[in-house]
Number of protein chains: 2
Amino acid sequence: MNQLDPLDIEILRLLQKDASLTNKEIAFEIRKSIATIHDRVRKLHENGVIKRVVAILDRKKINRKLIAFAHVLLNDHTVNTLNQFEQEVIKFPEVMECLQMSGSFDFILRVATYDMDTYHDFYRNKLAMLPNINTVQSFFVLSEAKSDTAYPLG
Amino acid sequence: MNQLDPLDIEILRLLQKDASLTNKEIAFEIRKSIATIHDRVRKLHENGVIKRVVAILDRKKINRKLIAFAHVLLNDHTVNTLNQFEQEVIKFPEVMECLQMSGSFDFILRVATYDMDTYHDFYRNKLAMLPNINTVQSFFVLSEAKSDTAYPLG
DNA sequence: TTTGAAAAGGAAACTGG
DNA sequence: CCAGTTTCCTTTTCAAA
């Protein structure tokens with residue numbers, strides 16, 4: 001796959017912020033022809049640089065009022081234990097992210113629930129029921145000063 | 001603003017996964033007319049339920065190979081200190097998220113850099129230069145078993 | 001609300017420069 | 001990388017149920 005040039009970077013910068021921009025609008029913005037933009041965007045999709053285009057919802061308007069980060073430590077770190085945990089935990093719809101981490105615990109989970117009651121229910125009846133859980137520490141989001149899906153570029 | 005009905009939920013479920021679906025495709029999927037879908041989607045935008053539509057990039061293909069979570073504890077918790085920290089830290093392009101948290105530290109930062117060297121540079125020359133930083137603990141993503149922007153619905 | 005159908009506009013796929 | 005053209009598809013609008 002070819003490296004990204006400054007034009008690709010410009011296009012990606014715009015599409016990361018607003019993917020509903022038309023090729024025409026992008027072309028105007030960065031002073032290139034529509035055909036060029038069309039070509040570049042197609043290639044960025046084909047090369048998998050753009051993985052997908054998604055709608056970002058206002059979580060308060062869909063009643064997902066509580067976001068928690070759960071730090072999970074497992075009892076052991078055999079491949080089996082790690083794989084099994086991942087396979088099971090990603091099935092829970094409340095779990096938006098499951099990241100294996102370096103450091104004093106094994107996984108960070110980002111969990112979205114309605115409120116503290118439903119988080120508690122998730123914690124007791126779903127997460128803590130999985131095998132090989134050693135400890136779970138939960139932290140709750142009080143406010144979001146920045147919440148971007150866009151990676152820094154260039 | 002009106003409550004979401006099951007039809008809205010169905011539409012949002014699809015658009016959270018793939019916002020490049022056309023109204024026609026959505027209409028076919030959930031057996032409604034194109035005009036109905038068009039109307040619903042327009043209202044979901046107007047009401048702010050859909051905040052925006054964005055392109056999600058493959059971070060490895062844009063060379064953002066390292067994702068770190070930094071847990072930041074400040075020296076005090078006056079409104080001024082908290083506000084000042086937020087205002088400054090969100091200016092760093094490396095910081096994708098800045099969330100104030102309950103618990104044993106004040107903020108979680110999600111930081112995207114090229115590699116450990118550039119993270120170290122960010123840490124020493126940007127983050128640690130801010131006033132009123134007490135402690136920073138950094139954790140690094142080893143692997144992503146699940147990485148969704150979609151909230152659970154319904 | 002929902003619908004089908006017509007009008008307007010953009011995307012896709014080509015040409016050739 | 002650009003301009004133009006043609007075809008196709010989608011969005012948008014609207015009258016009616």
Side-chain angles (χ1 to χ4, degrees), chain A residues 1-64 149-154, chain B residues 1-59 61-64 148-154:
Chain A
M1 197 203 68
N2 296 331
Q3 262 302 59
L4 301 174
D5 72 7
L7 178 55
D8 292 319
I9 301 283
E10 278 307 299
I11 294 171
L12 291 174
R13 206 188 296 285
L14 292 171
L15 290 179
Q16 276 200 117
K17 274 195 279 193
D18 183 1
S20 69
L21 290 170
T22 63
N23 290 338
K24 193 177 167 185
E25 288 168 321
I26 297 171
F28 176 79
E29 193 79 30
I30 62 189
R31 290 134 212 262
K32 293 282 174 183
S33 75
I34 295 175
T36 302
I37 302 300
H38 180 261
D39 232 51
R40 293 300 189 108
V41 172
R42 184 179 51 73
K43 279 178 189 150
L44 289 166
H45 271 105
E46 279 174 9
N47 296 336
V49 177
I50 298 176
K51 279 203 295 189
R52 55 190 190 280
V53 173
V54 302
I56 303 292
L57 310 189
D58 184 328
R59 67 181 172 81
K60 302 215 168 135
K61 298 208 166 138
I62 55 168
N63 268 321
R64 249 45 204 201
T149 52
Y151 292 103
L153 290 172
Chain B
M1 197 203 68
N2 296 330
Q3 262 302 61
L4 300 175
D5 72 7
L7 178 55
D8 292 319
I9 301 282
E10 278 308 300
I11 294 172
L12 291 173
R13 207 188 296 283
L14 292 171
L15 290 179
Q16 278 200 116
K17 275 195 281 194
D18 182 1
S20 68
L21 290 169
T22 64
N23 290 338
K24 189 178 171 186
E25 289 168 318
I26 298 172
F28 175 78
E29 193 79 29
I30 62 190
R31 290 135 214 265
K32 291 281 173 181
S33 76
I34 295 175
T36 301
I37 303 300
H38 181 259
D39 229 52
R40 293 300 189 108
V41 172
R42 183 179 53 73
K43 280 177 188 152
L44 289 167
H45 271 104
E46 279 174 10
N47 295 335
V49 177
I50 298 175
K51 281 201 294 188
R52 56 189 188 281
V53 173
V54 301
I56 302 293
L57 309 189
D58 184 328
R59 67 181 172 83
K61 299 207 166 140
I62 55 167
N63 267 321
R64 249 46 202 198
D148 270 11
T149 52
Y151 292 103
L153 291 172

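Side-chain atoms are counted along with the backbone in the values below, which use heavy atoms only and exclude waters and symmetry mates. Just so we're on the same page: letters track the sequence lines, and every chain starts at 1. The shown structure was predicted, so the numbers you read here are calculated from the model rather than taken from an experiment.
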Taking the side chain as everything from C-beta on, heavy atoms only, tell me whether Asp18(A) gets closer than 4.5 Å to Arg52(B). no
Within the 4.0 Å heavy-atom criterion, would you say Asn23(A) contacts the bases, only the backbone, or no part of the nucleic acid? sugar-phosphate
In whole angstrom, give the distance that lies between atom CD1 of Ile37(A) and atom P of dA12(C). 13 Å
Rounded to whole Å, how long is the line connecting atom CD1 of Ile34(A) with atom P of dT6(D)? 16 Å
So do the side chains of His45(B) and Val53(B) get within less than 4.5 Å of each other, counting heavy atoms only? yes
Between Thr36(B) and dT3(C), is there a contact of a side-chain N or O with OP1 or OP2 at under 4.0 Å? yes
Length of the line joining Ile11(B):CD1 and dT1(C):P, which is rounded to integer Å: 13 Å
Starting the side chain at C-beta, find the nucleotide from dA3(D), dT11(D), dT13(D) nearest to Ala35(B). dT13(D)
Whole angstroms only, please: what is the CZ-C1' distance between Phe28(B) and dG4(C)? 18 Å
Taken to the nearest whole Å, CZ/Arg31(B) to C1'/dG4(C) is 19 Å
Is a side-chain donor or acceptor of Arg59(B) paired with a backbone partner of Arg64(B) at a separation under 3.5 angstrom? yes
Roughly how many Å is it from NE2 in His45(A) to C1' in dA12(C), rounded to a whole number? 14 Å
note: Asp39(B), atom CG; dT2(C), atom C1'; distance rounded to Å ~ 9 Å
Nearest-neighbour nucleotide for the Thr22(B) side chain, dT11(D), dT2(C), dC2(D) considered: dT11(D)
So what does Leu7(A) touch, heavy atoms closer than 4.0 Å: a base, only the sugar-phosphate, or nothing? sugar-phosphate
From the list dA13(C), dC2(D), dT3(C), which nucleotide is the closest neighbour of the side chain of Lys32(B)? dT3(C)
Would you please test Glu10(B) and Arg13(B) for salt bridge (charged side-chain N to carboxylate O under 4.0 Å, His left out) and show each step? CA-CA 5 Å; Glu10(B) 278 308 300; Arg13(B) 207 188 296 283; 3.7 Å; yes
Output yes when at least one side-chain N/O atom of Arg40(B) is less than 4.0 Å from OP1 or OP2 of dT2(C), else no. yes
For a quick test of reading the model: is some side-chain N or O of His38(B) closer than 4.0 Å to OP1 or OP2 of dT12(D)? yes
Determine whether a donor-acceptor pair (N or O, by modelled atom type, separation under 3.5 Å) exists between the side chain of Asp5(B) and the backbone of Leu7(B). yes
Atom CG of Leu21(B) and atom P of dT10(D): how far apart are they, to the nearest Å? 11 Å
